[in-house]
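Worth saying up front: this structure is predicted, and the values here are computed from it rather than measured. Order of the sequence lines fixes the chain letters, A, B, ..., with proteins taken first and strands second; residue numbering starts at 1 for each chain. Reckoned from all heavy atoms, side chains included, excluding hydrogens, waters and symmetry mates.
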Amino acid sequence: MTNEQDRYSPEAVERKWRERWERDGVNRLTEAQLANAENPYYNLMMFPYPSAEGLHIGNIYAYTGADVNGRFQRLNGKDVFQPIGFDAFGIHSENHALKVGGNPYDLIPKNIENFTRTLKRFGGMFDWNHTVDTTHVSYYRWTQWVFLKLYKAGLVERREAPVNWCPSCMTVLANEQVVSGLCERCESTVEQRQLPQWFFRITDYAGQLLDNLSDMDWSDVTKKAQSAWIGRSQGADVSFAIAGGGADGEKARIRVFTTRPDTLFGATYMVLAPEHPLVDAITTADAQPAVNAYRAEVAGRDLVERQKTDKEKTGVFTGGYAINPANGARIPIWIADYVLMGYGTGAIMAVPGHDARDFEFAQAFGLPIVRVIAAPGEDAATPLTEAYPGDGTLVNSGDFDGLTVEDAKQAIVERLEAEGSAKAQTNFRLHDWCVSRQRYWGPPIPIIHCTDCGAVPVPEDELPVELPYLQDFRPDDSGQSPLARAEDWFNASCPACGKDAHRDTDVTDNFLCSGWYFLRYPSTGRDDLAIEPQLTAKWLPVDCYIGGNEHAVLHLMYARFLTMALHELGIIGFSEPFKRFRAHGLLIREGRKMSKSKGNVISPDAIINQYGADTLRLYLMFLGAYEQGGDYRGSGIQGPFSFLNRLWQSVAEADDDPDLPPEPAIERALHRTIRQVSEQLPEQQFNTAIAAMMEYMNVVRAGGRTPRIAELAPLVVMVAPFAPHVCEELYERLGFKGGLFASAHWPTYDPAKVVHETLNIAVQVNGKLRGEVTVTAEAGEDSVREAAELDGNVARHLAGKRVRKVIYVPNKLINLVAA
RNA sequence: GCCCGGGUGGUGAAAUCGGUAAACACAGGGGACUUAAAAUCCCCCGGAGGCAACUCCCUGCGGGUUCAAGUCCCGCCCCGGGCACCA
């Protein structure tokens, strides 16, 4: 039956089905289908950033996993909505355009075209009827609309703030975009600048963002990363009176945040951040020169230097004193750069006995160290050679002596609360989201500044505020966007009073574009509104979102925040956007990370040319655990390629009789395979599911036997999510009509047929494997033991011994413990 | 420094609740089919000893618990990622 023409030719098969799917609209949903779907399943993956380099194999890896899920759900009867789009605004594109001397307006469409070609070629089941391009006015007018909605809800504010300034990108960065003092994009050292900026008040939602995590079906690693980033700490605000503060001494109090109010009696000094506003008021005349010098020194020190944790503690005494509200002690007030203005209140009570940093500082400057917590076996007098941060009971703490740390926290706060000098407080590490960028390639902020009316939002019906095509869009060091130089655009009349005014020149952070795109996909057919309520209610929240964990604290948290905000505004009916999120691992190559600089990047196009998209997809899903990542080895692709060839040949050589039932032994193997694959695919355990199908193939083909159609058809359907083109072809060749993805159903298994008729039971003597016996499935412990003792080798190891104990693990193992 | 992953054959990797370590593949070796190649089919493939039956050793290192440990506990080492003076 095999002849030259029947050979598996990936190129021809894939072209045929790509064209057929396109022609028949197999993957596209019409507006009516979108509106009326009975079993909606929204399968989302992170839309790509269309760079000039083309789609990376890492993207294909991510998308294949998500596409396998979408195709699997579809074969299980779901109406799968699987859109894709392009996240094309942002500094990366802008910098690239500057480098090559073009304009992103001209370059981006070419990149998108190139990405689209590869996305179609790798076989993603994308609905190209519902796509977004964040740089198109049809999208970003609604990004501006989102901004205005939040603005009107009071979640946006403009404030002069010390912001992270990247001198190379010449723009402001969010905290999340500063990686150990360096710009996330270009790795320049980030500086601090005071600039007016637009902020989203994400911290209003810090508690909710954290609390919701606990019962969300997300990858654990992602939840942990978010929870660490939000960084809740529970404690108390305590205020310390300034000693001898003159007439207004009563008013001037220093507020500190502490997670250890139980150690208050051990607070022997205070430290303020050098930038703290009370420093000048506290500093005595004598100390002023030293304080000034220190503050100048810290201000001049770059951020990277200041953030190093291993350097020696520095600081100076202000000459001022505060009163410890617990015991009335006069304690000195210092300033030091290890206290940060950006966290808590910018001031701390220092408890050197029980905080490592304070201990180090106290030692360096000869400040008193008092023990207030005693661990078991210690008492008030036990000397401290290092800070003791652990648990224990209170000592040297007046009335509170003897309380446990936990009880004392509450008791001390209660006492001080009654006196008006403390209150319980929760602090978050999370900062507000700075969304303005002094750059060109982004959606302009829809605000007009008027000398009389101040900042006035552009009326919604005047959106979009179009981004003008600028010949010269280089950023400058002015702290203003290049848009400030576009006079025609810059000048506008005030929407409130009609007077001459000017537009806000900042554009929004790229993460705002990507923070709501999944809300837009179902509504892309609508030009008159951003988010169509009924479609949104039908399809959202997203059923499954798959993407890289590098976005755990950036994109995913912003998307959650925007969803919460829009929910509170009544625009959407849910407050968490993604029911399920799975982080895939990193694809590396031969043990090393792939990167352009190392020159070891794999081009998906080259692999597809050689082996076809189906083999590439199958290999990517086979080479390791999807959630762990994997190592791409060039030679390994041969395995999946052979597998598809064998599948092809099996179909070509199959017995023609479609009614011939499977051979019984093979049928059992088939049902076991169906069970395993059906259980593992929805859990993204792709590699072992593929191994199971390969194993089944070995059974079907054993000895070159002629397979039967009934043995192959379910396999073709199960392989289809991984290798959709060739499986469509084989499905057709097996005589089925209507197209696999349009009409086939996922195979089911019969529990009665997955059981083995006989079992191999391992036999151990004293825990060591000494033999194996084959018994019927119904055999009980006694008959297994009997059979085991008959085994020659087992009998030898038992000779002269008496069996004292038998451990029997049904269906697996029997261990004869003998002495 | 802290928090997450991870360390298993020549290689990529498997191994529910502690229950036959190395499934499935790649590479390598041998054979069948073929004029030939491709594709396909069969066999071998952790180390040491042995003609073989079989025995001993082996999941980063050192201890422990257990009839039984890749898996659990204690103490280390190494690699990858994240966070980093967060009060």
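- With hydrogens and angles left out, the side-chain atoms of A:Thr673 and A:Tyr749 include no donor and acceptor closer than 3.5 Å.
- Side-chain N/O atoms of A:Asn645 and A:Arg7 include no donor and acceptor closer than 3.5 Å.
- Of the two residues near RNA chain B, A:Gly703 and A:Arg796, the one whose nearest nucleotide lies more 5' is A:Gly703.
- When the P atom is compared between B:rC73 and B:rC83, the two are found 28 Å apart, to the nearest whole Å.
- Within 4.0 Å of A:Asn793, counting heavy atoms only, lie sugar-phosphate atoms of the nucleic acid but no base atom.
- Nucleotides B:rA48 and B:rG9 place their P atoms 15 Å apart, quoted to the nearest Å.
- A:Val271 is not listed as a side-chain neighbour of A:Ile335, based on a closest heavy-atom distance of 4.5 Å or more.
- Nucleotides B:rA87 and B:rG12 have their P atoms positioned 41 Å apart, rounded to a whole Å.
- Taking the side chain of A:Asn815 as heavy atoms from C-beta on, and the options B:rA23, B:rA68, B:rU20, the nearest nucleotide is B:rA68.
- One can place CG of A:Leu798 at 14 Å from C1' of B:rC67, the figure rounded to the nearest angstrom.
- In this structure, A:Gln764 atom CD and B:rC67 atom P are separated by 13 Å, rounded to whole Å.
- Note: NZ (A:Lys812) to P (B:rG19) measures 7 Å, nearest angstrom.
- Taking atom OH of residue A:Tyr8 and atom P of nucleotide B:rA38, one finds them 19 Å apart after rounding to whole Å.
- A:Phe622 comes within 4.0 angstrom of a base, heavy atoms only.
- Taking side-chain N and O atoms only, A:Thr345 has no distance below 4.0 Å to OP1 or OP2 of B:rA87.
- The P atoms of B:rU40 and B:rC58 are separated by 39 Å, rounded to the nearest whole Å.
- Looking at which nucleotide of RNA chain B each of A:His797 and A:Gly639 is closest to, the 5′-most match is held by A:Gly639.
- A:Ala552 comes within contact range of no nucleotide atom at all, as no heavy-atom separation falls under 4.0 Å.
- In this structure, CZ of A:Arg770 is placed 10 Å from C1' of B:rC54, rounded to the nearest angstrom.
- Among the heavy atoms of the strands lying under 4.0 Å from A:Asp631 are primed sugar atoms or P, OP1, OP2 only; no base atom is included.
- For the pair A:Arg582 and A:Trp218, the cation-pi test (distance below 6.0 Å, angle within 45°) is failed.
- When Watson-Crick and G-U wobble pairs are counted only if both distances are under 3.5 Å, B:rA22 pairs with no nucleotide at all.
- As judged by a 4.0 angstrom heavy-atom cut-off over every strand, A:Ala350 is placed among residues making no nucleic acid contact.
- Nearest heavy atom pair, residue A:Val726 against residue A:Val13, reads CA-CG1, 3.7 Å.
- Nucleotides B:rA21 and B:rC57 have their C1' atoms positioned 14 Å apart, rounded to a whole Å.
- Checking B:rG5, B:rA27, B:rG19 against the side-chain heavy atoms of A:Gln628 singles out B:rG5 as nearest.
- Scanning atom types as modelled, no donor and acceptor separated by under 3.5 angstrom connect the side chain of A:Gln649 and the base of B:rU40.
- Within the shown strands, B:rC4 is the pairing partner of B:rG80 under the Watson-Crick or G-U definition, both distances less than 3.5 Å.
- When all heavy atoms of A:Trp433 and A:Ile202 are compared, the closest pair comes out as N-CG2, 3.7 Å.
- Remark: the separation of the P atoms in B:rA52 and B:rA69 is 29 Å, to the nearest Å.
- Counting non-hydrogen atoms under 4.0 angstrom, A:Asn687 reaches the backbone sugars and phosphates but no base.
- Remark: P of B:rA68 and NZ of A:Lys805 are 9 Å apart, rounded to the nearest angstrom.
- Nucleotides B:rA13 and B:rU59 place their C1' atoms 13 Å apart, quoted to the nearest Å.
- Among the atoms of the strands shown, only primed sugar atoms or phosphate atoms (P, OP1, OP2) are found under 4.0 Å from some heavy atom of A:Val221.
- Distance noted for atom P between B:rG19 and B:rC2: 32 Å (whole Å).
- Per the geometry, CG belonging to A:Leu647 stands 14 Å off C1' belonging to B:rU40, to the nearest Å.
- Applying the 4.0 Å criterion to OP1 and OP2 of B:rA27, one finds that A:Arg633 has every side-chain N and O outside that range.
- Across all strands shown, B:rA32 is found opposite B:rU40 as a Watson-Crick or G-U wobble partner, with both distances under 3.5 Å.
- The partner of B:rG62 is B:rC74, judged by Watson-Crick or G-U wobble contacts that both fall below 3.5 Å.
- For an aromatic pair to be called close, the ring centres must be under 6.0 Å apart, and A:Tyr61 with A:Tyr632 fails this.
- The nearest whole Å value for the distance from the CZ atom in A:Arg260 to the P atom in B:rA87 is 11 Å.
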